[in-house]
2 protein chains.
Amino acid sequence: MCDMSGTSELRELSRRAVRSKIAEVAERLFAAKGFEATTVDDIAKAVGMSQRTFFRYFASKEDAALDGFERRSDDFVARLAGRPLMESEWDSLRRVFDVVVEQSADAGHRNRIAAIHQTAGASPTLLAAYLHKVDHMQQRLVDALLARAAERGETPDEPVLRAVVGSAFACLQAALSCAAGSSHPADLAEQLDAVMAAVRPVRYV
Amino acid sequence: MCDMSGTSELRELSRRAVRSKIAEVAERLFAAKGFEATTVDDIAKAVGMSQRTFFRYFASKEDAALDGFERRSDDFVARLAGRPLMESEWDSLRRVFDVVVEQSADAGHRNRIAAIHQTAGASPTLLAAYLHKVDHMQQRLVDALLARAAERGETPDEPVLRAVVGSAFACLQAALSCAAGSSHPADLAEQLDAVMAAVRPVRYV
DNA sequence: ACTTGAATGGCAGGCGCTGACATTGATCGC
DNA sequence: GCGATCAATGTCAGCGCCTGCCATTCAAGT
């Protein structure tokens with residue numbers, strides 16, 4: 001009972017591994033049979049566990065399908081933390097979106113993301129869950145940007161900041177949906193630059 | 001069988017009336033007991049119908065809760081149709097959002113919207129459905145704006161337009177969440193003006 | 001009156017999801 | 001080694017959302 005921390009680490013590691021395994025199997029099944037046609041029992045059987053255990057790792061079927069986006073959320077916040085403190089929020093956000101650009105440079109990642117995107121488009125509940133996660137991600141970035149502003153000694157207008165983050169994500173979504181059909185990885189970066197230059201808020205000129 | 005159109009009108013009228021009745025009862029129950037604690041059976045019993053019939057009017061419990069937003073979507077498109085053809089998209093969108101401002105001028109509407117907003121915030125699935133509807137509304141406005149641009153003889157950049165609409169909605173959301181606590185109806189209009197002025201895309205200056 | 005079509009109710013069932021309880025299995029103190 | 005402990009898992013039962021399917025009813029047209 002003393003080595004609780006070490007035990008926790010191991011347990012945590014195991015949990016993560018199982019989680020990834022489930023998400024991986026689920027992703028494959030969704031791509032093969034579609035999201036709605038795949039039952040949680042199918043996934044559980046394919047992984048080799050009971051349905052009840054599945055729900056001990058993911059709160060919902062949607063969560064399993066969108067596990068990849070969850071991690072990207074962490075990457076976003078981490079990337080933002082690495083940006084210079086005095087950079088404008090708009091430019092920082094553009095740099096944050098580079099994680100998406102870099103991920104889509106890999107063909108495998110691109111195919112996976114395209115498959116998930118296609119799956120999400122066909123299932124209303126999955127799309128709703130996706131939008132929910134995007135919303136949550138925006139909230140995290142707003143909080144981080146608020147903290148950065150406070151670190152600079154500023155007290156920014158929170159609603160404006162929320163709107164700025166929302167605008168940046170609107171640009172990302174637009175660029176993504178446009179570059180979805182294209183197979184050139186560089187297109188996304190160009191599209192993103194073009195859109196974010198056109199929509200750049202006047203307060204940052 | 002000849003007077004098919006007249007019959008259809010009556011049936012349609014009846015359907016709308018029943019739909020409104022269901023939505024009204026559901027809203028009251030949600031406000032009283034919360035969204036998740038209220039079952040579809042509760043609503044059906046309160047209206048005086050079977051659960052099966054409820055699902056013939058609404059595809060889901062969430063749809064019943066968000067019936068009001070559905071109508072606002074129609075109002076948005078209608079309001080946009082009334083704007084001058086040469087007005088910039090950003091200013092048109094600001095005018096479109098006046099329907100929200102006007103609705104929140106009425107105290108009753110404000111309380112209802114606040115109640116729904118609060119309910120949505122407490123229930124993840126309802127929030128997800130709400131975001132889904134907002135997304136759909138944006139799509140409709142993008143299509144309408146595309147048609148207007150074509151009417152002017154222009155061929156606008158679609159991804160940029162999508163991003164612009166998304167940015168405007170981000171402003172609306174930010175202003176709404178900020179003015180949620182305030183009880184002054186004029187605050188929303190001011191907040192909206194301030195945020196949309198700060199975030200106005202450079203392409204519209 | 002007969003027919004047609006739509007609205008409704010009732011029933012059965014699938015699926016997502018959860019609580020409760022028992023079992024297993026690894027770790028730790030002795 | 002041995003029992004205690006605690007997390008992970010399985011099993012079972014059950015609720016709530018949602019959907020076909022079929023029978024009934026009721027209004028409207030012929």
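Quick caveat, the model's predicted, so the values are computed rather than measured. Residue numbers start from 1 in every chain, and the chains themselves are labelled A, B, ... in the order their sequence lines are given, proteins ahead of strands. All values below were derived from every heavy atom in this structure, side-chain atoms included, with hydrogens, water molecules and symmetry-related copies excluded.
Distance from the side chain of B:Q51 is smallest to D:dC17 among C:dC17, C:dA7, D:dC17. The listed nucleotides are D:dC21, D:dC18, D:dT9; the one nearest the side chain of B:R56 is D:dC21. Closest contact between the side chain of A:T53 and the listed nucleotides D:dG10, D:dT19, C:dC17 involves D:dG10.
Taking atom CE on A:M49 and atom P on D:dT11, their separation rounds to 12 Å, with Å as the unit. Atom-to-atom, CZ of A:R15 to C1' of D:dT9 comes out at 12 Å; the value is rounded to the nearest Å. The distance from atom CZ of A:F30 to atom C1' of C:dG16 is 12 Å, rounded to the nearest whole Å. Note: CZ (A:R52) to P (C:dT18) measures 7 Å, nearest angstrom. Going from atom CZ of B:F55 over to atom P of C:dG10 covers 16 Å, rounded to whole Å. Computed from coordinates, the A:K45 NZ to C:dC15 C1' distance equals 15 Å when rounded to whole Å. Rounded to an integer number of Å, the gap from B:F58 CZ to D:dC18 P is 12 Å. In this structure, CZ of B:F54 is placed 13 Å from P of C:dT8, rounded to the nearest angstrom.
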Report all side-chain donor-acceptor pairs from residues 139-146 of chain B shorter than 3.5 Å, counting only partners two or more places apart or in another chain.
| unit_1 | atom_1 | unit_2 | atom_2 | d |
| --- | --- | --- | --- | --- |
| B:R140 | NH1 | B:S73 | OG | 2.9 |
| B:R140 | NH1 | B:D74 | OD1 | 3.0 |
| B:R140 | NH2 | B:D74 | OD1 | 3.3 |

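With hydrogens and angles ignored, the 3.5 Å screen pairs a side-chain donor or acceptor of B:W90 with a backbone N or O of B:M196. A donor-acceptor pair is defined here as one N or O able to donate and one able to accept, closer than 3.5 Å; such a pair exists between the side chain of B:D106 and the backbone of B:H109. The main-chain N or O of B:P84 is found under 3.5 Å from a side-chain atom of B:R148 such that the two form a donor-acceptor pair.
At the phosphate of D:dA8, neither OP1 nor OP2 sits under 4.0 Å from any side-chain N or O atom of A:Y57.
When the side-chain contact (heavy atoms from CB on, under 4.5 Å) test is applied to A:D157, the partners found at least two apart in sequence or on another chain are A:P159, A:V160.
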Practice item. Go through A:I116 and A:Y130 one step at a time and tell me if the side chain to side chain contact (heavy atoms under 4.5 Å, CB included) criterion holds. Key: CA-CA 10 Å; A:I116 294 181; A:Y130 168 74; over 6 Å; no
Exercise for review: Starting from the C-alpha separation in whole Å, work towards a yes-or-no answer on side chain to side chain contact (heavy atoms under 4.5 Å, CB included) for B:V100 and B:F76.
Suggested key: CA-CA 9 Å; B:V100 182; B:F76 274 18; 3.6 Å; yes
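In this structure, A:S14 reaches neither bases nor backbone, as no heavy-atom distance under 4.0 Å exists between it and the strands shown.
Contacts of residues 31-43 of chain A with DNA chain C (heavy atom under 4.0 Å): A:T38, A:T39, A:V40.
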